[in-house]
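What follows is a short report on a single structure.
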Amino acid sequence: MLRVVVVGGGVIGASTAYHLARAGAAVTLLERGDLASGASGSCDKAVILQSKSPGIHLELALKSADLFGGLTADLGTDIEYACKGGMIVVEHHDQLPVMDDFVARQRAAGLDVHLIDGQEARKVQPILAKHVVAATWCRLDAEVNPMLLTHAFARRARGLGACVMTGTEVTGLLTLGGRVAGAMTPRGTVTADAVVLAAGAWTPFLAAHLGLVVPIEPRRGQILVSEPVEPAVQGDMLCATYIAAKYSLGLSASHDAPSVGLSLGQTRNGNLLLGGCREFAGYDRRTTHKALTAIARHACRIVPAIKGVQFIRSFAGLRPFTPDGLPILGPAPGIPGLFIASGHEGDGIALSPITGLLMAELLTEREPRVSLDGLGLDRFMTSAEVRDAEGDPAETISRENAASGVHSSSRREDGA
Ligand SMILES: Cc1cc2nc3c(=O)[nH]c(=O)nc-3n(C[C@H](O)[C@H](O)[C@H](O)COP(=O)(O)OP(=O)(O)OC[C@H]3O[C@@H](n4cnc5c(N)ncnc54)[C@H](O)[C@@H]3O)c2cc1C
């Protein structure tokens with residue numbers, strides 16, 4: 001039986017563990033804190049299709065959306081999945097051409113999304129301000145409770161025979177005969193035929209144990225949470241500047257702060273979740289007065305009724321950012337037995353079902369239903385680096401171990 005260690009108990013690691021266990025593998029999931037103690041427990045709940053860029057990104061999101069429909073039954077838990085549609089609000093006429101183009105490209109890629117005028121947008125979301133000139137609308141956008149989802153994946157994996165160990169930090173990777181053969185922890189070494197790095201923004205530290213450079217950086221987001229209020233928001237709402245901040249499109253980012261754009265949703269319990277900002281602040285997970293004020297100001301302009309709502313707490317999370325906005329999925333070049341499933345930036349909740357399924361297909365040597373070409377780590381390496389790495393795996397591992405020290409890491413979590 002294939003033995004796999006999955007490192008990281010966020011939504012990606014938990015989904016990978018579940019799909020591997022379902023495929024018959026003997027899985028051990030290792031999480032240094034609690035399940036969902038990283039980005040997967042400090043995020044919004046959007047399963048938004050229309051925010052994905054046309055191409056492989058959107059293709060993954062569409063396939064993932066198909067899987068979400070059956071997950072409640074498969075996992076045997078209410079994960080608060082609901083398909084209520086979603087909109088991207090356009091505040092200014094000068095934002096229209098860019099959003100028009102974004103929508104046209106998504107429609108060409110097969111997504112049912114369209115632009116509606118301000119009046120129609122206010123019919124869908126009566127809370128919108130009068131100055132909003134238009135919005136995009138996609139009836140397939142959905143939402144899910146990310147904490148329930150992560151825990152449900154892990155619980156079901158355990159039900160299928162997986163061993164889920166929380167409070168268990170991976171401190172090194174075991175290599176034997178030129179292959180990765182397990183993970184070291186303070187509680188002992190877990191041997192395996194393969195190790196999947198699913199540690200989100202922390203994957204680079206794990207990869208560095210074998211001298212492998214993974215270009216993932218933490219991109220902080222902050223969220224304000226309101227007291228429960230009557231149902232006020234239909235599905236999820238973003239604004240055009242949110243899309244601009246995510247993809248660096250040619251729109252003026254915001255009138256308040258460069259990286260702030262609206263993200264607004266409401267939990268089943270009634271709490272409003274107000275985001276969102278994007279900042280590179282190292283591994284600092286604190287909220288800041290500056291960002292929260294900018295988020296609140298920006299939101300109040302688009303949804304004035306928010307001014308009368310009491311906000312009760314705030315939190316920050318670290319999105320695992322990659323330079324091209326796509327996750328890194330696949331084998332680590334030149335390191336047999338090592339796989340990477342990380343770097344989902346602001347899309348990890350939405351892409352978790354398809355990511356877990358693809359990793360399980362890859363590891364159990366079935367043809368992945370979505371081609372992983374273009375998603376591997378090799379896209380960030382020069383062809384000489386790939387040739388070097390793939391030349392002699394055994395030599396590479398021992399050379400890199402010698403160079404870096406198995407237990408050392410070239411990056412520090414304090415951002416230094
Ligand atoms: C403010 C904000 C809003 C967001 N909104 C959305 C949204 O609406 N929809 C959406 O799809 N996505 C959203 N995202 C993105 C989403 O949260 C992430 O893409 C996703 O959670 C990443 O999951 P992950 O499992 O890769 O990483 P994480 O959830 O960060 O999990 C990584 C885990 O690895 C563990 N770990 C690290 N090092 C080790 C080690 N050495 N040993 C053992 N364990 C280790 C960590 O403790 C952590 O639990 C948002 C993110 C933020 C910050």
Side-chain angles (χ1 to χ4, degrees), residues 5-17 29-49 51-52 60-61 64-65 68 86 141-147 149-150 153-154 165-173 183-186 190 195-209 216 218-225 236 238 242 246 263-265 273-279 283 285 287 291 295 314-322 327-329 340-353 355-356 409 413:
V5 163
V6 178
V7 187
V11 75
I12 299 300
S15 173
T16 302
L29 177 64
L30 301 174
E31 162 57 47
R32 68 178 172 188
D34 288 325
L35 294 170
S37 56
S40 307
S42 330
C43 59
D44 278 313
K45 57 182 178 52
V47 179
I48 289 204
L49 293 172
S51 66
K52 312 298 178 273
L60 288 172
S64 217
F68 263 112
D141 287 341
E143 57 195 35
V144 71
N145 182 319
M147 299 265 253
L149 177 65
T150 307
F153 276 136
M165 295 171 72
T166 54
T168 308
E169 179 164 16
V170 172
T171 51
L173 297 171
M184 299 173 223
T185 82
V190 184
V195 172
V196 181
L197 302 184
W202 295 273
T203 284
F205 297 104
L206 287 149
H209 288 302
I216 292 176
R219 199 182 201 188
R220 187 168 65 186
Q222 304 187 34
I223 293 187
L224 279 159
V225 185
D236 280 296
L238 303 176
Y242 177 99
K246 188 170 163 82
S263 86
L264 176 63
L273 300 180
L274 202 58
C277 65
R278 285 181 150 77
E279 322 155 80
Y283 285 84
R285 295 172 71 179
T287 54
I295 288 169
S314 62
F315 58 81
L318 302 177
R319 301 178 185 93
F321 167 89
T322 63
I328 300 173
L329 307 180
I340 300 173
S342 306
H344 294 71
E345 217 267 350
D347 305 309
I349 306 305
L351 299 183
S352 59
T355 298
S409 165
E413 295 192 25

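Remember, it's a predicted structure, so these values are computed and weren't measured experimentally. In each ligand, atom 1 is the first atom listed, and ligand 1 is the first ligand listed.
The atoms of ligand 1 that sit less than 4.0 Å from any heavy atom of Ser42 are 1 (C), 2 (C), 52 (C), 53 (C). Residue Gly317 approaches ligand 1 through these ligand atoms, each under 4.0 Å from one of its heavy atoms: 53 (C). With ligand atoms numbered from 1 in the order given, ligand 1 contributes 43 (C), 44 (N) to contacts under 4.0 Å with heavy atoms of Leu30. Atoms of ligand 1 lying under 4.0 Å from any heavy atom of Gly200, numbered from 1 in the order shown and given with element: 26 (O), 27 (O), 32 (C). Within ligand 1, counting atoms from 1 as listed, the ones closer than 4.0 Å to a heavy atom of Thr168 are 43 (C). Here is the list of ligand 1 atoms found below 4.0 Å of a heavy atom in Arg319: 1 (C), 2 (C), 51 (C), 52 (C), 53 (C). The distance from ligand 1 to the heavy atoms of Cys43 drops below 4.0 Å at these ligand atoms: 2 (C), 3 (C), 4 (C), 5 (N), 14 (N), 17 (O), 50 (C), 51 (C), 52 (C). Heavy-atom proximity to Gly221, at under 4.0 Å, picks out these atoms of ligand 1: 1 (C).
Taking the side chain as every heavy atom from C-beta outward, Pro186 and Thr171 approach each other to under 4.5 Å. Lys45 is not listed as a side-chain neighbour of Asn145, based on a closest heavy-atom distance of 4.5 Å or more. Taking the side chain as every heavy atom from C-beta outward, Arg32 and Trp202 approach each other to under 4.5 Å. In this structure, Thr287 and Gln222 have side chains that are in contact, with non-hydrogen atoms separated by less than 4.5 Å.
Counting heavy atoms under 4.0 Å from ligand 1, residue Ile12 touches it through both backbone and side chain.
Of the N or O atoms in Ile349, one or more lie within a sub-3.5 Å distance of an N or O in ligand 1. The shortest N or O to N or O distance between Val7 and ligand 1 is not under 3.5 Å. Residue-to-ligand polar distances keep Leu351 apart from ligand 1: every N/O pair is separated by 3.5 Å or more. At least one N/O-N/O distance between Gly346 and ligand 1 falls below 3.5 Å. Inclusion of Ala46 in the set of residues having an N or O under 3.5 Å from an N or O of ligand 1 is warranted. Between Trp202 and ligand 1, a contact under 3.5 Å exists for no N or O pair. For ligand 1, the polar-atom distance check finds an N/O of Gly348 within less than 3.5 Å of one of the ligand's N/O atoms. Residue contacts with ligand 1: Gln222 is placed with no nitrogen or oxygen under 3.5 Å of a nitrogen or oxygen of the ligand (distance criterion only). Of the polar atoms of Val170, at least one N or O is found under 3.5 Å from an N or O of ligand 1, judged by distance alone. At under 3.5 Å, a nitrogen or oxygen of Glu31, whether backbone or side chain, sits near a nitrogen or oxygen of ligand 1.
Between Leu173 atom CG and Leu197 atom CG the span is 6.0 Å, to the nearest 0.5 Å.
The two residues Ile295 and Gly275 make their nearest non-hydrogen contact at CG2-O, 3.4 Å. The two residues Leu238 and Ser51 have their closest heavy-atom pair at CD1-CB, 4.0 Å.
Remark: Arg319 does not engage Asp347 in a salt bridge, criterion side-chain N to carboxylate O under 4.0 Å.
Applying the side-chain contact (heavy atoms from CB on, under 4.5 Å) rule to Ser342 yields the partners Thr203, Ile216, Ile340; only residues at least two apart in sequence or on another chain are considered. Arg278 meets the salt bridge (charged side-chain N to carboxylate O under 4.0 Å, His left out) test with Glu345; sequence neighbours excluded.
At a 4.0 Å cut-off, not a single heavy atom of Gly276 sits close enough to ligand 1 to count as contact. Contact between Thr171 and ligand 1 is absent, with no heavy atom of the residue lying under 4.0 Å from the ligand. In this structure, Ala201 does not count as a contact residue of ligand 1, since none of its heavy atoms falls inside 4.0 Å of the ligand.
Counting only non-hydrogen atoms, the option in Gly8, Ala199, Ser352 that gets closest to atom 32 (C) of ligand 1 is Ala199.
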**Report entry** Residues His344, Leu329; criterion side chain to side chain contact (heavy atoms under 4.5 Å, CB included); working and verdict
**Finding:** CA-CA 10 Å; His344 294 71; Leu329 307 180; 4.0 Å; yes
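Ser40 contributes a side-chain N or O that, together with a main-chain N or O of Val11, makes up a donor-acceptor pair within less than 3.5 Å.
Within 6.0 Å of CE in Met165 there are more than 12 heavy atoms belonging to other residues, nucleotides or ligands.
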